[in-house]
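Every heavy atom of this structure was used, including side-chain atoms; hydrogens, water molecules and symmetry mates were not. The chains referred to below are lettered A, B, ... by the order of the sequence lines, with proteins before strands, and numbering in each begins at 1.
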2 protein chains.
Amino acid sequence: MTTKNVNPNVSVDCVVFGFDNERLKVLLIEQKLSDKEKVQLALPGDLIIDDEGLDEAANRVLFEISGLSGIFLQQYRAFGDPDRVSDIKDLDWLKSYRSNPQARVITVAYMALVKMEDFSPEASSFAERVFWQDIEETPQLAFDHNKILFEALERLRDDFVNYKTGFELLPEKFTLGHIQRLYETILGKDLDKRNFRKKILKEKLVSPTNQKQTGVLHKPAVLYKLNHEKV
Amino acid sequence: MTTKNVNPNVSVDCVVFGFDNERLKVLLIEQKLSDKEKVQLALPGDLIIDDEGLDEAANRVLFEISGLSGIFLQQYRAFGDPDRVSDIKDLDWLKSYRSNPQARVITVAYMALVKMEDFSPEASSFAERVFWQDIEETPQLAFDHNKILFEALERLRDDFVNYKTGFELLPEKFTLGHIQRLYETILGKDLDKRNFRKKILKEKLVSPTNQKQTGVLHKPAVLYKLNHEKV
DNA sequence: CAAACTTAGTGTAAATTTTACACTTGCGAA
DNA sequence: TTCGCAAGTGTAAAATTTACACTAAGTTTG
């Protein structure tokens, strides 16, 4: 009880889901361990700085690592097992301004969902490589990042079950089929076409334009747009 | 970018809701500032220790401050505005083992719901007083604790809307009226008696016993019990 | 140019869930 | 014995959810 504590390092980790009208992906980085030559995959994340809030830190870190900005990151929980980052001394990626390189790392996890076409991640600072990874084929990640990712996905699906979010991922003009594929992708299951359309149209969040798809190898669909005042 | 950071203090705060078959309360503590004579009200919380996990820390801290243990605490988010605890230097309650008394404090918030009759909080360590405060009359709290409490309440209600939680708050034998009052208390609104009973009974989480209430000044109600295999 | 392929688009009936609503019952207290 | 109080009970209407199959309109292929 009178032990002198060393304050923990505090980091933020960002689980950025990307949708490409087809598959759900997650933004990963490849980082190199300092002395050994091993590389490992991880979620973008880094230590916070003294005078910034957590939300602010998440946005900064994501930008510094991947070049992405303007993304709405939602915090969903903190992870703080004392040994969740055990081989911390081996790591290059804890930046030079850390004050206690030997101390544990507590991380605050953030989640976002974006359309991939709007964002082209570019590796910078200590990341060797930044890329979109298909969610169905997630590899082994560093530390407890697989767990952090899994919980983010659970939260993402929770947010989708009420059918009121996710439209922001669609292009300006989109078809009802696009929305349905979005929902099927996120929820990981098939939905009945007629029932889905009924439900979406009842919400009145989208309206038809007088345009149709072109250049598709099937009957062209009516294009819809968002009712911005409602979203 | 090359600034030497001071690692933040990390604390846990516990929002323990208590139900007394009547009202919803929250566990608060009264603590004294060091030099001045002012006292302030706050949620039970304290810094974490090096080698403990966050969940572990929450349980320890709650026990040390209030004597309560065996409570299921659920983490719901971290709060980390850089100036959320601005007058930290004035505070006695940051224990002696803190390493950076001048640094910011990031807190990880936990929530629990218990039946008050099972727990008799007793002030210990640095708390002057520990008590149950009616949720409808929450006073001004220290730091951002009003915000932390508000978000806990939102989360609590979210957990209740699916009608599948909260039974653990009831005595061993209880009436349907008790459950309804519990739900009305948590949700903060009245529910239709007949519809509520229909719904609860359909869930099949409770079964009637062959006993009835005694000593009540009205028609005695049938007592129910939990179907433990389902809860 | 006909056939094949692909997704768009559409309606209904049954089942389930939700909502609104009012009176009688049994106990203790006065 | 009457009064106050919460227990206990049923139904109809409305809303929501679910299951289900064919035609339409383009493009590509042979």
Side-chain angles (χ1 to χ4, degrees), chain A residues 19-23 157-158 160-164 167 170-226, chain B residues 19-23 157-158 160-165 167 170-225:
Chain A
F19 180 67
D20 65 354
N21 295 319
E22 173 84 20
R23 308 277 296 169
R157 287 178 171 155
D158 278 353
F160 261 73
V161 287
N162 59 5
Y163 289 83
K164 293 219 161 111
F167 293 87
L170 297 165
E172 198 193 350
K173 305 281 176 65
F174 51 86
T175 71
L176 295 181
H178 286 146
I179 312 184
Q180 186 171 350
R181 251 159 310 170
L182 169 63
Y183 274 84
E184 287 176 336
T185 305
I186 306 292
L187 298 179
K189 65 178 180 190
D190 290 346
L191 302 170
D192 180 272
K193 182 165 43 156
R194 285 186 278 199
N195 294 337
F196 183 81
R197 288 170 164 245
K198 242 183 296 180
K199 195 149 185 168
I200 291 297
L201 292 176
K202 188 151 46 104
E203 302 280 355
K204 298 253 171 70
L205 298 176
V206 299
S207 343
T209 67
N210 48 17
Q211 300 168 43
K212 292 193 171 178
Q213 271 182 316
T214 55
V216 287
L217 63 157
H218 56 76
K219 175 174 176 179
V222 169
L223 293 172
Y224 285 74
K225 63 179 171 54
L226 272 183
Chain B
F19 179 67
D20 66 353
N21 295 319
E22 172 86 20
R23 308 279 294 170
R157 287 178 172 157
D158 278 353
F160 260 74
V161 286
N162 59 5
Y163 289 82
K164 293 216 161 109
T165 189
F167 293 87
L170 297 165
E172 197 193 349
K173 305 278 176 68
F174 51 86
T175 72
L176 295 181
H178 286 146
I179 312 184
Q180 186 171 350
R181 250 160 310 171
L182 169 63
Y183 273 83
E184 287 176 337
T185 305
I186 305 292
L187 298 179
K189 67 179 179 190
D190 290 346
L191 303 170
D192 180 273
K193 182 166 40 159
R194 283 185 280 198
N195 295 338
F196 183 81
R197 287 170 165 244
K198 243 183 293 179
K199 195 147 186 169
I200 291 299
L201 292 175
K202 188 150 47 103
E203 302 282 356
K204 299 254 171 68
L205 300 175
V206 299
S207 342
T209 66
N210 48 17
Q211 300 168 43
K212 293 193 171 178
Q213 271 181 316
T214 55
V216 287
L217 62 157
H218 55 76
K219 176 176 175 179
V222 169
L223 293 172
Y224 285 74
K225 62 180 171 55

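With rounding to the nearest 0.5 Å, the separation of CD in B:Glu184 from CZ in B:Phe196 is 7.5 Å. Once rounded to the nearest 0.5 Å, the distance linking CZ of B:Arg181 with CD1 of B:Ile186 reads 13.5 Å.
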### Task
Evaluate side chain to side chain contact (heavy atoms under 4.5 Å, CB included) for B:Leu205 paired with B:Tyr224, printing each intermediate quantity in order.
CA-CA 10 Å; B:Leu205 300 175; B:Tyr224 285 74; over 6 Å; no

### Message
The test is side chain to side chain contact (heavy atoms under 4.5 Å, CB included); show your working for A:Phe174 and A:Leu182 and say whether it passes.
### Response
CA-CA 11 Å; A:Phe174 51 86; A:Leu182 169 63; over 6 Å; no

### Task
Please report the C-alpha distance between A:Gln211 and A:Lys173 in whole Å, then the side-chain angles of each, then the deciding distance to 0.1 Å, and finally whether the side chain to side chain contact (heavy atoms under 4.5 Å, CB included) criterion is met.
CA-CA 9 Å; A:Gln211 300 168 43; A:Lys173 305 281 176 65; 2.9 Å; yes

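Taking atom CG on B:Asp192 and atom C1' on D:dG8, their separation rounds to 13 Å, with Å as the unit. Atom NZ in A:Lys198 sits roughly 12 Å away from atom C1' in D:dA15 (whole-Å rounding). Rounded to whole Å, the distance from CG on B:Leu201 to P on D:dA7 is 14 Å. Put simply, CD on A:Glu203 is 14 Å from C1' on D:dT17, counting in whole angstrom units.
Between the side chain of B:Gln213 and the main chain of B:Leu223, no donor-acceptor pair closer than 3.5 Å is present. Between the A:Gln180 side chain and the A:Leu191 main chain, a donor and an acceptor come within less than 3.5 Å of each other.
Applying side chain to side chain contact (heavy atoms under 4.5 Å, CB included) to B:Arg197 and the options B:Lys193, B:Arg194, B:Lys199 leaves one that passes, B:Lys193.
Near DNA chain D, meaning a heavy atom under 4.0 Å from it, residues 177-190 of chain A has no residue at all.
Here chain A contacts DNA chain C (any atom closer than 4.0 Å to a heavy atom, that is under 4.0 Å), and the contacts span C:dT6 to C:dT12 from 5' to 3'.
A:Ile200 places a side-chain heavy atom less than 4.5 Å from the side chain of A:Val206. Using a 4.5 Å cut-off on side-chain heavy atoms (C-beta onward), B:Phe167 and B:Leu170 make contact.
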### Task
Using a 4.0 Å heavy-atom cut-off, write out nucleotides 22-30 of chain D from 5' to 3' as B (base contacted by protein), S (sugar-phosphate only) or - (no contact).
--BBBS---

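Remark: the A:Arg194 side chain and the D:dA21 base include a donor-acceptor N/O pair separated by less than 3.5 Å.
In B:Glu22, the CD atom is not crowded: 12 or fewer heavy atoms of neighbouring residues, nucleotides or ligands sit closer than 6.0 Å.
Both A:Asn195 and A:Ala221 lie close to DNA chain C; mapped to their nearest nucleotides by heavy-atom distance, the more 5′-ward contact belongs to A:Ala221.
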